[in-house]
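Below is one structure, written out as structure tokens, with a few remarks after it.
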Amino acid sequence: MQTQVGIVGAGPAGLLLGHLLHLNGIDTVVVENRDREYVVDRVRAGVLEQGTVELLRAIGVGAGLERRGLRHEGVYVSFKGCRHRIDMAELTGGKAITVYGQNEVVRDLIEARAATTRPLYFEAQDVRVGDLDASTPVIRFRHRDSEHEVRCDFIAGCDGFHGVCRPSIPEGVLTIHERTYPFGWLGILADAAPSSDELVYTHHDRGFALFSMRSPTVTRLYLQVPPDEPIERWSDDAIWDEMLRRMTTSDGWTPNVGQILQKGVTPMRSFVAAPMRHGRLFLAGDAAHIVPPTGAKGLNLAASDALVLARALKSFYETGSAEWLDRYSAICLRRVWKAQRFSWWMTTLLHRLPEEDAFDHQRQLADLDYLTTSRAAMTSLAEQYVGLPSEVSFESVGL
Ligand code: FAD
Ligand code: PHB
């Protein structure tokens, strides 16, 4: 097989890139190692920045988002038992976030891909990339017992943090920046109507908690727990007990309780691999960087990488100039580092650190007090939470 751009991974980064390139007449093959059901059912992110929503609409996959997406113009920060609302729309000239499950985004993008009839292989086994420095790098994999080789002009490594693309880059090329945190998140989906229209980020003496949702009947909640906490240690009753203890505020607000539909523990990590390119391999999304979920930035960064890479590839195919491809990594990393800083700040503001002392605790409370009383501080949070302006215009990718 031959294609212009071989895409490894059918997550948000790979599927968005594939669709943006399709709209520009650029041929792609997408290779994914999981099956379609797994990819569509995987419960992950839920918060879309204003720009991510606009991008999905502009590429023609906004119908589900329009029907089922929940637009939030504000967000709550809760500490010392009181909720404080930050009016994001008022502080940012009308911008907002939209709650819409990542699995829904992925389902919509897979449907759009299928309609193009361009190839998308699920359940590809033993996926490898090679000849990254040559003029035609290659993706090899096995599919239904036959071996495949895809010769490409470029490869987009969109295969997430545990994928094969980043480890295929020779030793010594990448500089890795990493921070692990001494806690993880226990997350649940519950069959319960959300008791708040907007998200609630809670600082509590027993640890961080987050109230979110997926639909008018499904609540999504998270608890700070030790890293690698075995989920078996938590009965459903114990989870609800701890959620309610941390989240209930002095005015009586509390989440609605319901049957737990799904539960799991996620570790927390900040990670950046630079540059996001080696030869003709370009990394995008979690393959290149991970943020702790407190800032709700991971999926949105995957979308912005895809947009910048589409811009660069379009420019290459239209003009023959590699100038944008050469700038790809630097353009993305500027945004990535701002999202890293924001996610780190949100994380260290809201979580209890095992080794913290009274000074750290008081500083956190002062930071929260300042955040919820200063218009400047609220504006800073709001403009980052709804998403900083995009580095490339939609017009430049033909939208
Ligand atoms: P992925 O979604 O990981 O996709 C990579 C794809 O590549 C997968 O489909 C995988 O199966 C495939 N793959 C892997 N290895 C191979 C291989 N060898 N060959 C072929 N295919 C392969 N982000 C937000 O913006 N907002 C949030 O609210 C938020 N909340 C989160 C909550 C949780 C609990 C978690 C875990 C993450 C959250 N994130 C959030 C982060 C977000 O989910 C990720 O940043 C996002 O999925 C990144 O997209 P991606 O396409 O880069 O990678
Ligand atoms: C979610 O709804 O899953 C969610 C919301 C906000 C975050 C992280 C996850 O910061």
query = Does any N or O in the side chain of Thr248 come within less than 3.5 Å of the main-chain N or O of Arg245, such that one atom is a donor and the other an acceptor?
reply = no

message = So, using salt bridge (charged side-chain N to carboxylate O under 4.0 Å, His left out) as the criterion, who are the partners of Glu242 when residues are at least two apart?
response = Arg206, Arg246

query = Is it true that Lys80 and Asp369 have a side-chain N and a carboxylate O under 4.0 angstrom from each other?
reply = no

ask   = Looking at residues at least two apart in the chain, or sitting in another chain, which of them share a side-chain contact (heavy atoms from CB on, under 4.5 Å) with Leu174?
value = Arg166, Ile169, Ile176, Ala273, Pro275

key: Test item: Trp240 side-chain N/O and Gly258 main-chain N/O as donor-acceptor pair under 3.5 Å   = yes

query = Looking at His289 versus His177, is the centre-to-centre ring distance below 6.0 Å?
reply = no

ask   = Taking the side chain from Asn24 and the backbone from Arg311, do they hold a donor-acceptor pair closer than 3.5 Å?
value = no

ask   = Between Trp253 and Phe211, is the ring centre distance below 6.0 Å?
value = yes

task = Ignoring hydrogens and angles, state whether a donor on the side chain of Asp237 or Ser235 is under 3.5 Å from an acceptor on the partner side chain.
result = no

task = Show the numbers, then the answer: is there a side-chain contact (heavy atoms from CB on, under 4.5 Å) between Asp197 and Met213?
result = CA-CA 9 Å; Asp197 289 342; Met213 65 204 67; over 6 Å; no

task = Ignoring hydrogens and angles, tell me if any N or O in the side chain of Asn300 forms a donor-acceptor pair with the backbone of Thr52 under 3.5 Å.
result = no

inquiry  = Tell me whether Leu48 shares a hydrophobic cluster with Leu388, the cluster being built from Ile, Leu, Val, Met, Phe, Trp, Tyr side chains joined at under 4.5 Å.
reply    = no

key: Any side-chain heavy-atom pair of Arg140 and Val138 under 4.5 Å   = yes

inquiry  = Quick one: does any side-chain atom of Thr202 pair with a main-chain N or O of His204 as donor and acceptor, under 3.5 Å?
reply    = no

key: Cluster overlap Val257 with Trp234, hydrophobic side-chain contacts below 4.5 Å   = yes

message = Hydrophobic clustering (ILVMFWY, side-chain heavy atoms < 4.5 Å, transitive) - are Leu244 and Leu223 grouped together?
response = yes

ask   = Taking C-beta and beyond as the side chain, do Leu17 and Asp305 meet within less than 4.5 Å on heavy atoms?
value = no

message = For Glu149, is there any backbone N or O sitting under 3.5 Å from a side-chain donor or acceptor partner on Arg151?
response = no

query = Nearest heavy-atom pair of His203 and Gln364: which atoms, and what distance?
reply = NE2-OE1, 2.8 Å

ask   = Hey, is the main chain of Gly81 close enough, under 3.5 Å, to the side chain of Ser250 for a donor-acceptor pair?
value = yes

key: Same apolar cluster (I L V M F W Y, side chains within < 4.5 Å links), Val53/Leu199   = no

